[in-house]
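Side chains included, hydrogens not; waters and symmetry mates left out as well; all remaining heavy atoms used. Sequence positions, counted from 1, serve as the residue numbers for this chain.
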Amino acid sequence: MSDTPKSFQGAVERVATSLLDTLRVGVVMFDTGGYVLLWSPMVEEILGWPAEHMTGRHYAGYLVHDAPSGTAPVEEGDIYTALREERYWRGILRVRHLDGRTVEVEARASLLTPSNGKPFILANIVETSRLRAVEHDLAALDALFVSSPLGIAVFDPEQRYVRVNESLARLVGKPVADILGRTLHEVLPSRMADDLAQIQKLVLDTGRPVVDTVLLGPDGHSWRSVSYGRLTGRDGRVLGISSTIMDVTERRDALEKIERARQRLKLLDDIGVTLGDLLDVRRISEELARTLVPRFADYSSVMLHGGVAHGGELPRPGHPPRTPLLQLGAEARDRGPAVEHLLRAGQAVAFDAGSVFGEVLTSAASHLMVSRDELLSAARAGDSGARVAADLDIHSLMAVPLRARGTVLGLLVLGRAGGRAPFDRDDLALAAELAGRAGISLDNARLYTRERESALMLQRSLLPQRVPSPPGVRVAYRYVPGGSATEAEAEAGGDWFDVIPLAGGRVAFVVGDVMGHGLRAAATMGRLRTAVRTLAGLDLPPGELLRRVNDLADDLAPGPDEPLMATCVYTVYDPSTRHCTLSTAGHVPPLLLTGSPAGVWDAAPVQGPVGPPLGVDDVPFESVTLTVDEGAVLVLYTDGLIEHRGEDITEGLDRLVSLLGGLPARTCLEDVCDRVLAGLDPGDESGTPGVPGTVDDVALLLARLGGLPEGSIASWVFPAETTAARRARDAVRKNLHDWGLGALADDTVLLVSELVTNSLRHAHGPIGVRMVRGSSLLVEVSDPLPAPPRERSAGVDDEGGRGIQLVARGARRWGTRHGPIGKTVWFELPIP
């Protein structure tokens with residue numbers, strides 16, 4: 001009996017496929033004396049004793065009579081008594097297992113009498129451990145159905161309700177009895193039933209659970225979270241579907257509030273980023289209106305007082321409400337004739353004092369209209385715009401004041417149309433916050449516009465108002481303020497140019513660049529230009545002039561703690577000799593365009609010493625002298641023309657050389673200026689060439705260099721002898737008559753005689769006399785003595801000292817110029 005029976009081994013290997021297999025219900029038949037007549041295979045599995053061993057044996061020999069503490073042992077007589085009296089008995093028995101352990105079973109016995117008249121006892125036994133486990137599971141399931149706040153339902157494979165709890169019945173809105181045995185379409189609205197039926201079929205077919213699917217409830221307002229799982233028996237058969245349903249309306253409302261708050265914060269952040277870098281009133285208005293549609297509204301309009309739009313003063317308190325506002329920003333979800341009429345950019349809009357918008361302008365208090373009746377009421381009060389808004393199906397509208405410094409700058413008007421939810425008080429609070437931020441940006445842009453206009457006006461007044469055209473020279477120029485590729489956002493800077501006529505028909509070309517932008521840069525540029533122009537009157541060589549300007553750096557600086565940082569190129573051209581002398585102070589190199597045999601220009605930078613920028617102490621400035629061909633073009637410019645962020649400046653210089661090289665040599669200088677500015681886009685904020693955007697200011701100066709007409713110059717050199725004055729007078733008189741300028745002979749001869757005599761007295765060296773005929777008559781007298789003559793007052797009895805006085809009074813202008821050796825005294829007489 002120690003070996004496990006084969007039948008028991010086979011039973012152990014079987015897999016439970018039903019609840020009976022799980023409980024393992026055994027059947028035993030006894031005669032009325034207690035002897036075993038039938039011992040089923042399941043009893044073999046429970047107790048281990050095989051049927052062939054137990055058949056014919058009395059069951060009492062296998063009972064264990066020691067009961068657990070607190071319980072009385074079952075007596076055999078009690079069992080028979082119950083069977084005789086009630087023909088039924090149930091109780092707990094403790095039975096000895098084949099392996100010696102004790103197995104507790106619950107038994108149910110019935111006394112049966114068959115037709116042959118011989119009674120027997122039929123008993124069913126179940127292990128109490130398994131029975132209690134199933135009882136606990138069923139009790140837990142019952143408790144879950146009864147006490148769970150969640151709606152719970154079980155469906156059969158045909159998707160009919162087979163069990164539901166009261167919570168589900170409340171969610172559905174029907175009694176439990178009206179739900180059981182019915183399908184979804186018989187219980188729920190068709191729309192919801194269709195959706196759930198599809199989900200159930202998917203779960204039945206695939207076995208994949210569906211968790212937390214949110215659907216609109218039967219009432220059309222609440223929300224339900226539905227989860228489904230397929231029920232499968234131990235044998236793999238599909239038994240149906242279990243489902244749990246939860247009302248998540250509050251959760252969804254909370255999530256919607258959180259999401260709405262997040263979207264509001266995101267909108268505020270986006271508005272801040274969009275407007276933060278803008279300093280133009282019109283662009284701020286346009287971007288504000290564009291950003292709000294369609295995220296927050298279907299229609300938006302930004303209207304401002306004219307003074308704000310053009311950089312003027314803030315409107316005074318109590319501004320007349322009928323004063324028109326300028327609609328600078330407008331955006332609409334849908335376009336059409338009515339929209340174009342209502343939201344036309346740039347139009348002037350006036351509001352009556354009694355209208356909604358007039359009251360908002362006057363009181364600075366926001367106003368919310370949440371129905372078409374309110375809009376029509378506003379229209380009847382005299383506001384034609386409200387009636388047009390109603391025609392556009394706008395059912396909700398807000399008018400919010402744009403304020404800064406306690407003053408109303410204008411209005412932000414927002415509308416919603418169609419099936420969109422109307423504005424509420426939270427939306428009004430958000431719009432007020434948006435308007436507050438936008439108002440600050442608009443006021444900053446207004447102040448910036450005013451300062452920019454002041455700086456531009458100052459800069460324009462400091463630049464040359466009229467550019468001369470000296471003989472032998474043709475000039476063209478351009479100045480483009482910085483800040484943007486568009487004039488609307490131009491910003492004053494420190495770039496400047498000048499054309500300065502010098503003695504002897506010579507001319508100085510100057511281009512400079514003061515670092516920075518705004519009023520201070522423009523003011524510094526004006527001081528620097530004045531200093532250069534003043535020193536140019538001394539007829540100094542270019543290198544010497546830049547040195548003297550550099551010595552004035554502290555006086556020219558923008559402020560006591562800000563050093564002067566500027567670059568400059570100063571060029572002197574003499575048409576009579578076609579000599580061009582230039583010196584640079586940290587500036588980009590000029591270009592020289594010379595003709596080629598093919599009739600086009602060859603462009604090349606002028607090679608020469610480059611000095612440091614102005615503002616660096618104790619540095620020399622050297623000059624270079626070129627002899628230029630007739631018709632060559634000198635190109636002076638500032639670095640804003642060629643410099644781009646992110647690239648080497650030589651790349652921009654190469655582009656400029658490439659652009660100018662190959663142009664026809666006879667191209668008009670004005671056309672050349674236009675082509676340079678059009679062909680070299682200043683670049684965007686990142687420095688990308690060819691993309692308009694924020695740029696530095698640009699000064700461009702072109703000079704076509706030519707000589708004087710043939711026969712316009714006469715010169716002589718006389719030895720330092722007593723006859724020098726007479727010979728000079730004769731040569732000058734004769735040449736003037738040859739030029740047809742005999743009317744000037746007497747005055748010219750007198751002044752030449754005085755200067756030559758002065759040179760004989762003090763210089764003791766060769767004396768040069770030179771005359772140039774141009775727009776005036778220029779006469780120069782040169783000698784080796786470097787000391788310039790001085791004008792002094794001669795006494796009544798003095799025999800000399802009146803020569804320079806005669807020159808100063810007889811000439812239109814006169815001066816002294818130093819050369820490599822000696823000096824030159826010159827004077828000019830007007831040609832009749």
Side-chain angles (χ1 to χ4, degrees), residues 216 219-223 249 252-253 256-257 259-261 263-264 267-268 271 288-303 321-322 325 327 329-344 347 349-403 408 410-436 438:
L216 193 63
D219 57 3
H221 302 289
S222 59
W223 293 89
T249 304
R252 189 175 180 88
D253 290 344
E256 286 182 353
K257 289 181 180 179
E259 178 62 19
R260 192 176 183 187
Q263 291 295 338
R264 291 169 182 271
L267 180 60
L268 283 172
I271 290 291
L288 176 61
R290 183 188 60 80
T291 305
L292 293 175
V293 175
R295 293 174 61 179
F296 187 64
D298 296 316
Y299 300 94
S300 65
S301 172
V302 178
M303 293 173 279
R322 290 188 60 85
L325 303 181
Q327 185 167 246
E331 188 65 34
R333 183 193 59 189
D334 300 314
R335 289 288 179 178
V339 174
E340 297 301 331
H341 172 77
L342 183 64
L343 301 179
R344 187 173 69 254
Q347 68 176 323
V349 183
F351 300 108
D352 294 333
S355 68
V356 168
F357 303 112
E359 291 176 357
V360 173
L361 286 172
T362 304
S363 65
S366 303
H367 188 85
L368 173 63
M369 292 177 278
V370 293
S371 68
R372 291 183 175 86
D373 292 340
E374 289 186 74
L375 289 173
L376 293 175
S377 175
R380 285 194 293 271
D383 191 350
S384 60
R387 184 173 295 279
V388 177
D391 295 339
L392 291 173
D393 197 24
I394 296 177
H395 56 73
S396 181
L397 190 131
M398 290 191 297
V400 184
L402 295 164
R403 293 184 295 178
V408 177
L411 290 177
L412 171 62
V413 181
L414 302 171
R416 285 182 178 175
R420 192 166 186 172
F423 291 119
D424 55 23
R425 288 294 170 182
D426 290 339
D427 293 325
L428 186 64
L430 175 61
E433 177 67 20
L434 291 171

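You'll find the side chain of R264 reaches within 4.5 Å of the side chain of D426, heavy atoms only.
Between T291 atom OG1 and L267 atom CG the span is 8.0 Å, to the nearest 0.5 Å. For the atom pair CG (L402) and CG (L325), the distance works out to 10.0 Å, reported to the nearest 0.5 Å. A distance of 9.0 Å separates CD in Q347 from CE in M303, rounded to the nearest 0.5 Å. Distance check, rounded to the nearest 0.5 Å: OH of Y299 to CG of L343 gives 8.0 Å. Summarising the geometry, atom CD belonging to E359 is positioned 12.5 Å from atom CZ belonging to F351; distances are rounded to the nearest 0.5 Å. One finds the CG atom of D393 at 4.5 Å from the CZ atom of R372 (value rounded to the nearest 0.5 Å).
Residues that satisfy the side-chain hydrogen bond (donor to acceptor under 3.5 Å, both in side chains) test with D424, not counting sequence neighbours, are R260. In this view, S371 satisfies the side-chain hydrogen bond (donor to acceptor under 3.5 Å, both in side chains) rule with no residue, not counting sequence neighbours. Qualifying side-chain contact (heavy atoms from CB on, under 4.5 Å) partners for E331, counting only residues two or more places apart in sequence or in other chains: A289, R290, V293, S300, R335. In terms of the side-chain hydrogen bond (donor to acceptor under 3.5 Å, both in side chains) criterion, residue partners of S301 (sequence neighbours excluded) are, by chain and number, Q327. Contacts of A431 classified as side-chain contact (heavy atoms from CB on, under 4.5 Å), with partners at least two apart in sequence or in another chain: F296, M398, V400, L414. Partners of R425 according to the side-chain hydrogen bond (donor to acceptor under 3.5 Å, both in side chains) rule, which considers only residues two or more places apart in sequence or in another chain, do not exist here. Partners of V408 by side-chain contact (heavy atoms from CB on, under 4.5 Å), not counting sequence neighbours, listed by chain and number: L361, A364, P401, R403.
Taking every heavy atom of both residues into account, F423 and L397 meet most closely at CD1-N, 4.1 Å. Taking each heavy atom of S222 and L216 in turn, the nearest pair found is O-CD1, 3.3 Å. V360 and L411 make their closest contact through CG1-CD2, 3.4 Å (heavy atoms, listed as atom of the first residue, atom of the second, distance).
Pairs of residues two or more places apart, or lying in two chains, that qualify as salt bridge (charged side-chain N to carboxylate O under 4.0 Å, His left out) and include a residue from residues 413-422 are D298-R420, R416-D427.
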